[in-house]
Amino acid sequence: MTRLLAYSDALAEATTLAMERDPAVFLMGVGVDDPGGIFGSTTLPHDRFGDARVFDTPISECALTGAAIGAALTGMRPLMVHARCDFLLLTLDQLANHAAKWSYMSGGRLSAPVVVRAVIGRGWGQAAQHSQSVQAALAPFPGMQVIMPATAYDAKGMLLSALTGRWPVVCLEHRWLYGLKDDVPEGFYTVEIGRARTARAGTDATVVALSHMVVEAMKAADVLAKEGIDVEVVDLRSVVPWDRETVCASVRRTGRLVVADTGPRSFGVGAEIAAVVNEELFGELRAPVRRVGLPDVPTPCAPVLEAAFYPGSADLVRTVRALVRGVDHGARGDASAARHDKPFSGAF
Amino acid sequence: MTRLLAYSDALAEATTLAMERDPAVFLMGVGVDDPGGIFGSTTLPHDRFGDARVFDTPISECALTGAAIGAALTGMRPLMVHARCDFLLLTLDQLANHAAKWSYMSGGRLSAPVVVRAVIGRGWGQAAQHSQSVQAALAPFPGMQVIMPATAYDAKGMLLSALTGRWPVVCLEHRWLYGLKDDVPEGFYTVEIGRARTARAGTDATVVALSHMVVEAMKAADVLAKEGIDVEVVDLRSVVPWDRETVCASVRRTGRLVVADTGPRSFGVGAEIAAVVNEELFGELRAPVRRVGLPDVPTPCAPVLEAAFYPGSADLVRTVRALVRGVDHGARGDASAARHDKPFSGAF
Amino acid sequence: MIQQAFSDDELLRGDRAMLLVRRAEERVVRQYAEQNADFARGVQPAHAIKCPTHLSIGQEGAAVGVCQELNVDDVAISTHRCHAHYLAKGGDLRAMMAELFGKSTGCARGKGGSMHLVDPDVGMLGASAIVGGSIPLAVGAALSAQMQGRTRVAVAFFGDGAVEQGVFHESLAFAALRRLPVLFVCENNFYATLSHVEARQPVGIPQRATGLGVASVTADGSDLADVLHAARGAVRRARAGEGPTLIEVRAYRWMSHVGTEPDTGRMKRSAEELALWKDRCPLAVLRVRLAARGVPAATLDAMGTEVDAAVEDAVEFARRSPAPSPEDLFTHLAGEGAPS
Amino acid sequence: MIQQAFSDDELLRGDRAMLLVRRAEERVVRQYAEQNADFARGVQPAHAIKCPTHLSIGQEGAAVGVCQELNVDDVAISTHRCHAHYLAKGGDLRAMMAELFGKSTGCARGKGGSMHLVDPDVGMLGASAIVGGSIPLAVGAALSAQMQGRTRVAVAFFGDGAVEQGVFHESLAFAALRRLPVLFVCENNFYATLSHVEARQPVGIPQRATGLGVASVTADGSDLADVLHAARGAVRRARAGEGPTLIEVRAYRWMSHVGTEPDTGRMKRSAEELALWKDRCPLAVLRVRLAARGVPAATLDAMGTEVDAAVEDAVEFARRSPAPSPEDLFTHLAGEGAPS
Ligand SMILES: Cc1ncc(C[n+]2csc(CCOP(=O)(O)OP(=O)(O)O)c2C)c(N)n1
Ligand SMILES: Cc1ncc(C[n+]2csc(CCOP(=O)(O)OP(=O)(O)O)c2C)c(N)n1
Ligand SMILES: [Mg+2]
Ligand SMILES: [Mg+2]
């Protein structure tokens, strides 16, 4: 019995379930009660539980994050949502200096299990301030978890893990995943934070992908399969902590690794993965580890520039092919992403 | 003719020189006019130019950073100082979403050459919120430079580069460097941002060190020299951009690399350097790239824990030795750092 | 009667500026309708606006009233909803349209789009799409002016939502402390996205300003003269070294928060509320006044024709202009020229 | 005469609490003197306080006056200067001293130190060394109380400097909007580090609260009864669902900002100003009152002896306690127990 559910609906269902099971769970954020419901992810809980437990907030992201922490310290389970993860930068003091450290600073006498969801924007010329993918800026602060589910199944299961766990968790969700459907069980289940998922088994090269890059990686694997290149796709799912075992085991078998990140290539999460894999598998790799990610510029607006900015499956194809065939020209942006643009719907 | 000058005095001298040469330069920040003068680094300019151009601010780090950007957009050259770089997290929206992007978003029609100095605290139980080294959280935002001078000479020359350049620049200064003296020329000179410095030539292994870890690396190199291991120490100086050429050339010669960072080992700047070196020198390395940095916990308070937390020269010695001798047990914290603690002086 | 303090010429200038904003944005609405029809037919139009577009239709009085009291040398900085401020400050119409269409002749060379209009030549320093984010930048520009000893005034335009950000408060308090020549112009359109201001704020916006030591005044955005009057006073205070002023301009956004539809259907704003405000259209209100003063209809008609032609020319310019090339991705990271 | 509203017992309770803070901190001063002498002789003392220590001597009235009006179940949260709040809220004295000495029996197991005292058992939720950082946490605790339907009150203690942070404003406005049961207790000691409040703030602190829709009251920190009175009113309002109150308690810090020296020598605070405030020592003022009420000196003396013994016992406990072991570095990342 499969039940296809969109990523956004899976988030909404997880939230609703968590709220049903635990009266301490509540949901807040700018616009969570809008008819649009943060791209459909908050409508169901709002309809179900009303304004008392699902409420809009003033545009005061910093204090509301602090309020979430204080609520978590006193037994509530706050879930805060941001329509763009760029806005998290306003809250970094609260997230990194407070949420991530409160338990440690208190010698473990308190926990601050706040959960923060934030959407990674992309496309339709959102430009520099509405399209960042900030996992690399969050990861260097020990004490909080950072997850990036790529499927509806994981979105539900990992959000439920976060809402029942003891850690502060930031969940980054790529806007382009929201419409993708997946087989999602109805009831309560959790997906362990810190475990990667092998999305496709293969023998010639491993692509470790984050969030929406899993979609691109699967496309690339299809293309490469036709050329006789058998790609293993590992969906990292969780950035902090990340699953060194699964990643290293895969690369040990394939001998080749490409990391595909929705964030910057330089100083990105891919650097950590590359560093660890190179360290653990020293001498065992058949090719250098490559990273595919955003170039060293802010996001531009014009369609031509956006297309040049975002790497996609074509880049992955080229990169993997070069590694396997031994002719490596490195990874560069291409124009393949342009076709993803949809007509403007208001909720870009 | 050598002229020994402490790191703090070099910063003060650079600021004063910049202010003399350019009436647009001004200095602001919480406590810059204190008798203590941010550990002596702002006293000279304050004495020389008074409150009009060197002024204390309210504890409103976010808005003052924005004000610095606005001042920079209209022809001034603001220099903002923070006594701890932990406070930068309050300003990340302004730094990363605004300063770093304003030029790009305006199609290059404006520049925002703000310079922000911030001190990395360490020791005397400052604990989790006064001791972070945040370069890894700043580096993934293209559009701003991040520098970490390790010597008085570089502190002066790089600060002058920043104050005469066109980029937003964050300068992170380790508190333990402030008292270190170096030969510093009197007049105006600049040290190019983006160039590493070979602090010590060697043939057996390269240690790329940041900020105060350069001091530890030099000590480690001395110890290792006695064992017949000849270490090359590269002072990275500049994190964004960083000098791939110098680093790769050094590692190409030595075949071994250890990155020593004042920040976290996981998801730190060391990951980027390791990733790039592994990529560029694939097959040429004689040993895996190791990283020495902070473990995955916030900074603890108690002296025993602090000692276990901070890696030092002993860790570098152990790590390099294992790489060269071929018995590598990885890098772990040790207690060697405890001896650095000084009696409490009020200006911890 | 405040409006009697202003000459026919002044009011006509304001009329033209408001008309320019209105017509330019109406043209954007038409463009969207056209391109959406194309998309619906599965056709990719050769030229399209592809960036989040927040229109000021209905709110023109605020931008125009304030900017008319400024010199070219004064500076302004804005938000996601920046078309009106850009145009009212004197920004180049062609460069704006080209920017919307993502062309290399755009005011930001196609890098910024609708939310980041910029024209340093006329003191338009840009716009931030982070709510509240640009407010301190205006404070910094005012700090520059004070330190440089020039009489320049800086203006931060922002919405009622921005008042909730911490940085708003920090900015106002610092400006008050140092008596900076800055105007905080809050366009209170009563909504942030779909949230009513009363659900978000415990007190009125002027009361907040008072709590931060900043003088304030409330102006009726439907009455250009009222805004001109408020702005004139605030500019005078700023230039005289008397410090900052917050101007709350009450106005209403006719269109959806983003995009080009009226949003009364799917949201909390009611059709009645919108109708009430449409009755108080700032352009219509002004035209009644001008007519009462005896300004001939022909003058106004000619102005309309001229403005329409300018808008059409700008769209043509944008369409004719080349798109950036992919290599342009890597330019403009740290500014082309020296700061002015 | 506000103080007449309080019984002898209430005032005596306050006297003891203030004395405890005073004596505990004076003991810290002595410890520093001893260990510094050791350091100067090149000796590493076996036990030493090695963390940045911000003393409240002179300001005891604020912490004690407010906390005395709270129940154990109410919660408080503080800043870098948190000893007084911890003790006044009922925090364990031994665990505090052990924490200062970096021992595993410390209230935060040696992880936090002087700036992060915590005792959840008595509602002390901890302290942040980021100026202003803990204010929203108290708002969150009040939000919990409101959602949970309990009468719990939350208190944020902070200094005059914290009033300048954006998050202060966001926090107050949100608390006002939702009528949260929270007390914002601002200890205005007129300085942030060495900066005088008038050089930093354009208006008084209560005026800011008004601008954010929060009721406020100013209390004299030298007069415990005045603080008790203000706190009682605020707690009553909070429990009655009437929303937040800001209490500005004016008090003076006798020692240096951080560390254990008077700082009048090297800084902007004058010896005269300090002397004036020492004349208004909250303990001395209260004792004069108690004497006037006829409380026997012997009672007060006995209390002093008892408090001294407790302080000495705590220091002994701390010295006797083991340091954490290096492996403890990796514990406590995500809390031991479930949130209460
Ligand atoms: C920091 C931040 N939070 C949230 C958003 C999402 N957002 C964009 S516009 C907007 C509403 C702004 O309302 P207001 O300030 O009143 O301006 P208006 O749109 O009414 O002109 C919101 C919440 C944002 N851009 N930045
Ligand atoms: C965000 C931030 N900025 C700066 C500092 C440095 N700092 C520590 S205490 C302090 C002064 C705080 O003054 P106030 O709030 O009045 O508290 P008081 O020390 O007087 O009790 C400052 C500036 C900090 N800890 N956090
Ligand atoms: Mg609005
Ligand atoms: Mg103070």
Side-chain angles (χ1 to χ4, degrees), chain A residues 23-26 28 51-53 55-78 80 90-94 96-114 142-145 164-169 193 240-241, chain D residues 75 77 99 104 106-113 115-121 125-130 132-145 147-148 152 154 156 165-175 177-178 180 324 328 331-340:
Chain A
V25 177
F26 68 98
M28 65 178 181
D51 291 337
R53 286 176 71 193
F55 56 84
D56 190 30
T57 64
I59 312 176
S60 308
E61 284 92 347
C62 182
L64 270 298
T65 306
I69 299 169
L73 294 176
T74 47
M76 297 298 285
R77 306 233 33 147
M80 184 165 178
L90 284 160
T91 74
L92 206 68
D93 171 60
Q94 284 299 325
N97 281 337
H98 295 84
K101 295 178 172 46
W102 211 263
S103 174
Y104 196 79
M105 292 195 316
S106 74
R109 298 186 70 188
L110 288 162
S111 299
V114 277
M144 70 185 158
Q145 302 183 323
T164 52
R166 289 185 306 145
W167 291 77
V169 181
I193 290 174
V240 185
Chain D
V75 295
I77 194 154
E99 188 63 28
S104 65
C107 60
R109 318 293 181 229
K111 294 262 165 62
M115 303 196 291
H116 305 298
L117 298 182
V118 59
D119 192 344
D121 296 341
L125 295 185
S128 171
I130 300 294
S134 56
I135 300 174
L137 274 65
V139 170
L143 181 64
S144 281
M147 294 184 84
Q148 292 160 342
R152 168 183 279 176
Q165 288 288 17
V167 78
F168 163 84
H169 306 82
E170 293 182 359
S171 298
L172 265 73
F174 182 70
L177 183 72
R178 297 189 75 100
L180 296 179
D328 291 337
T331 56
H332 303 321
L333 259 170
E336 272 165 355
S340 72

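First the proteins, then the strands, lettered A, B, ... as listed; each starts at 1.
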Measure the SG-CZ distance between D:C107 and A:R109 for me, rounded to the nearest 0.5 Å.
-> 7.0 Å
Can you see which heavy atom on D:L333 is nearest to which on A:W167, and at what distance?
-> CB-CH2, 3.8 Å
Which answer fits D:A145, side chain, backbone, both or neither, if we ask what part of it has an atom under 4.5 Å from a heavy atom of chain A?
-> neither
Atom NE2 in D:H169, atom OG in A:S60: separation rounded to 0.5 Å?
-> 11.5 Å
Toward chain D, the part of A:E61 with a non-hydrogen atom under 4.5 Å | backbone
Which atoms of D:I77 approach chain A - backbone, side chain, both or neither, heavy atom under 4.5 Å | side chain
Among D:A154, D:A142, D:A127, which has the most heavy-atom pairs under 4.5 Å with chain A?
-> D:A127
Most contact-rich option vs chain A, by heavy-atom pairs under 4.5 angstrom, among D:D328, D:V139, D:I135, D:D119, is D:D119
Okay, D:A138 and chain A: the region with an atom under 4.5 Å from a heavy atom over there is neither
Pick from D:S128, D:G126, D:A175, D:P324 with the largest number of heavy-atom pairs that fall under 4.5 Å of chain A = D:S128
Quick one: are D:E170 and A:L64 in side-chain contact, heavy atoms under 4.5 Å?
-> no
What one should report as the nearest heavy-atom pair of A:G75 and D:Q148 is C-NE2, 4.1 Å
Can you name the closest pair of heavy atoms from D:A108 and A:M105 and give their distance?
-> CB-O, 3.2 Å
Most contact-rich option vs chain A, by heavy-atom pairs under 4.5 angstrom, among D:A129, D:A173, D:S144, D:G112, is D:S144
Please report the shortest heavy-atom distance between A:H98 and D:S134, naming the atom on each side.
-> NE2-N, 4.3 Å
Would you mind checking which part of D:L125 comes under 4.5 Å of any heavy atom in chain A, side chain (CB onward), backbone (N, CA, C, O), both or neither?
-> both
So what's closer than 4.5 Å to chain D heavy atoms on A:A52: side chain, backbone, both or neither?
-> backbone
Where A:D56 and D:R178 come nearest, the two heavy atoms and their spacing = O-NH1, 4.5 Å
Where do D:F174 and A:P58 come nearest, in terms of heavy atoms and distance?
-> CD1-CD, 3.7 Å
Does any heavy atom of chain A fall under 4.5 Å from the side chain of D:S104, the backbone, both, or neither of them?
-> neither
Donor-acceptor contact below 3.5 Å, side chain A:Q94 vs main chain D:P136 | no
Heavy-atom distances under 4.5 Å only: say whether D:L177 touches chain A with side chain, backbone, both or neither.
-> side chain
In Å, rounded to the nearest 0.5 Å, how long is the span from CE of A:M28 to CG of D:L143?
-> 6.5 Å
D:R152 versus A:T74: any side-chain heavy-atom pair under 4.5 Å?
-> yes
